[in-house]
Amino acid sequence: MKHLIIITAFVLAIANSIYSQDEKRFDFSIRAGLNIGAAAPASIPQEIRAIEGYSPNFNGSVAGRVAMRMGHETSRWHLVSGISVERKSMTTSARVKSYSTEIDNGGSHVGGVWTGMVDTRYSAHAITVPLMAGFVVTPRLRLQAGVWASALVSRAFGGKVYDGYLREGDPTGEKIVFANGSEAEYEFDDQLRSLQCGLMAGVEYRFCQHWLIGAELSYGLTNIFHADFKTVSFAMYPIFGNLSIGYRL
Amino acid sequence: MKRTHFLLMAALIALCTGCIKEEAPNAEADIIECWLEGDIMSRAAEIGNDTITLFVKSGTKMDNLAPHFRLTEGATIEPKSGTALSFVTPQYYTVTSQDGQWRKRYGIRITTGEMPFGGESSDEITEIAFDFEHVKSKSNYPVFYEVSSTGENLFDWSSGNAGFALTGMASSDADYPTHQNANGYDGACAELTTCRTGFFGEMSGKPLAAGNLFLGNFNMSRALTAPLEATQFGMMFKNVPDSLSGWINYTPGETYYEPDGTGKLKAVSDKRDQCSLYAIFFEATEEAPYVTGDNPLSATNPNIISTAELPEAECNATNGWVPFKIPFVMRAGKTVDAEKLKAGKYSLAIIFSSSSGGAEFKGAIGSRLQIDRVRLKVKAQ
């Protein structure tokens, strides 16, 4: 094994772009990391006037990964998959203007246009399976991109509105002021989808024989809410970055 | 949209102020202020969401008045601010929002505050009749109003219906705490019912709504922040009230409830609900133009001149229609100043409620107070 690494270093020294033949067909790794990101609209709607607070929260992830070399021994292509258990969460505080909302609960229906502060917390615990194509740039550096799917084992979306006013029905409706600490809480846990999927891309770098660091971005293609949920008038997508440290077996 | 934009957003979400789009033009179409120039107004304008009442001094000619307006930024109004019109009957204005998408029609009434008299009259006493025959639908909830002998709308009774509308619990007029019942003592009557406010009411810590009906305004903007201040009791009154009489039919609900501190209702055993029925004649000052729902009969309120209250013993189940008659009792040391009376400085509030503890969200669900044939006797000038 040792001589193989020496060869690798030698090859690297000569031609950085030439791939060595020492790699095994499969490589396994385990890794632990942190997610930082948000459930966010694809583009910020005009109703959102300012984001006044954001906390990424502490989102841990643990994962097992396997990379399989595709094709002959000199192939630079890998198929990367695995499984991870992760948390994706955030809290934000935004100021909105004329944000249209409708709430149904049992027989009660309330709709209106809100101008003021909205605090949002989103939290999901998920089991995620990625499927990516990896391209080996150098034996230590691999770029990879592909798709992912998550099954959410717990999910929460809620928050409160305060420091503003609601126009009942539409912008010409009765004005109801929320001030001096009066607020309304909302909770739409049940409206979150339990399956998510999306695109991801990343890079991992092996900095010694067994240890590696990885950075990935994942972008959800599925709205976090069910399609028939109208209270939040725009679709929101989970967009998270992951930084991890791993050990290659 | 390019992928790079997504990635950038994910990384920089906290610094995303750069992505904030240009602010949309205003969608609201409010009259924020309304006034008449010159020294002809007798008190501040009452501005609702789509109605405005301006009070002018006795003797003001109504056929050529030009209200001025301040609107939501960027909004426009038709007819224009400062246009002279006849206000013998109410005039209607349309405000269009800055973004051009929304229009609101305001009815503007200008009045001297003098009440028309009907019913019986004698040399010393004249009578004003309230029969609750007229009800209209405003934003889908019922509003009682009074008409003159010539059929014009004199004023609207207020209620908490606008607040109840927010709970989403009502699908028809009869679902509102304050509504009309066609089978009254004489013709139709007002029917006040204590109702649950459902999910949204509980969520905001207001699990119950007593039916109420009063002279004054229900200030929706304060309904959540300070519900006791949302009920603004009192309407300009240029006569001295003498007594209030009428017919009521009260049936308390089965179980008495109180809020448990978390916004939900808890049953209280051995307690029966009571209705409330009272009237307040008071001086409306610039600092205190109304009496609010927060301790309206306060013994220490220096502005109160006289009150009429249905005794507690008569606020229980009536087993059918019963008459009531309550005199206005002057408070110690109070007198009515004839000049102030003429200048419209006094107000009268008449308040009915199906649960006397309604202001604190206490009462029995289903308590029902029917009111009919109310007569207000006033001393002749």
Side-chain angles (χ1 to χ4, degrees), chain A residues 36-38 40-56 90 92 97-98 100 103-113 115 165-187 199 201 217-219 237-241, chain B residues 1 3 5-11 13-30 48-50 72 95 97 99 101-105 138-140 162-163 165-171 197-201 203-205 218-227 230:
Chain A
I36 295 174
S43 78
I44 303 268
Q46 197 173 29
E47 292 96 324
I48 296 182
R49 302 313 315 148
I51 294 170
E52 299 197 348
Y54 166 76
S55 165
M90 59 129 200
T92 60
K97 177 184 170 185
S98 295
S100 163
I103 305 172
D104 278 296
N105 186 284
S108 321
H109 173 90
V110 171
V113 180
T115 296
Y165 60 88
L166 181 78
R167 300 301 302 230
E168 191 191 358
D170 66 50
T172 65
E174 291 275 4
K175 182 175 185 171
I176 302 112
V177 175
F178 288 58
N180 307 324
S182 74
E183 57 189 37
E185 293 187 2
Y186 61 92
E187 187 218 278
L199 302 173
L217 279 163
S218 69
Y219 177 74
Y237 304 95
I239 306 164
F240 280 82
Chain B
M1 181 164 294
R3 170 78 150 273
H5 185 83
F6 294 145
L7 303 184
L8 197 68
M9 250 181 53
I13 189 78
L15 306 169
C16 220
T17 45
C19 313
I20 301 288
K21 290 179 185 158
E22 197 178 323
E23 186 162 334
N26 291 320
E28 288 162 282
D30 290 339
N49 191 46
D50 54 14
T72 307
V95 182
S97 64
D99 68 5
Q101 299 293 305
W102 300 97
R103 283 161 204 273
K104 187 156 63 169
R105 187 164 181 260
K138 183 186 164 189
S139 311
N140 295 325
L166 263 191
T167 67
M169 292 285 283
S171 52
T197 52
F199 171 76
F200 294 108
M203 198 169 73
S204 55
F218 185 77
N219 184 342
M220 268 301 280
S221 74
R222 313 209 65 170
L224 279 168
T225 313

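Numbers restart at 1 for each chain; the letters A, B, ... are given by sequence-line order, proteins then strands. What you see is a predicted model, and the numbers here were worked out from it, not measured in a lab. Atom set for the values below is all heavy atoms of this structure, side chains included, hydrogens, waters and symmetry mates excluded.
- Contact detail for B/Ala27 and A/Pro171: the closest heavy-atom pair is O-CB, 3.3 Å.
- Within the 4.5 angstrom heavy-atom criterion, atoms from both the backbone and the side chain of B/Asn26 approach chain A.
- Counting heavy-atom pairs closer than 4.5 Å to chain B, the top residue among A/Ala179, A/Pro56, A/Ser55 is A/Ala179.
- In this structure, NZ on B/Lys104 lies 9.0 Å from CG on A/Asp170, to the nearest 0.5 angstrom.
- Between chain B and the residues A/Gly53, A/Pro45, A/Gly173, the most heavy-atom pairs under 4.5 angstrom are made by A/Gly173.
- Between the side chain of A/Arg49 and the backbone N or O of B/Lys21 there is at least one donor-acceptor pair closer than 3.5 Å.
- Both the backbone and the side chain of A/Phe178 come within less than 4.5 Å of a heavy atom in chain B.
- Within the model, atoms CG of B/Asn49 and CD of A/Glu168 stand 9.0 Å from one another, a figure rounded to the nearest 0.5 Å.
- In this structure B/Glu28 satisfies the salt bridge (Lys or Arg N to Asp or Glu O under 4.0 Å) test together with A/Arg167, sequence neighbours excluded.
- In this structure, OG1 in A/Thr172 is found 13.5 Å from CZ in B/Arg105, a value given to the nearest 0.5 Å.
- No other option in A/Lys175, A/Glu47, A/Glu174 has as many heavy-atom pairs under 4.5 Å with chain B as A/Glu174.
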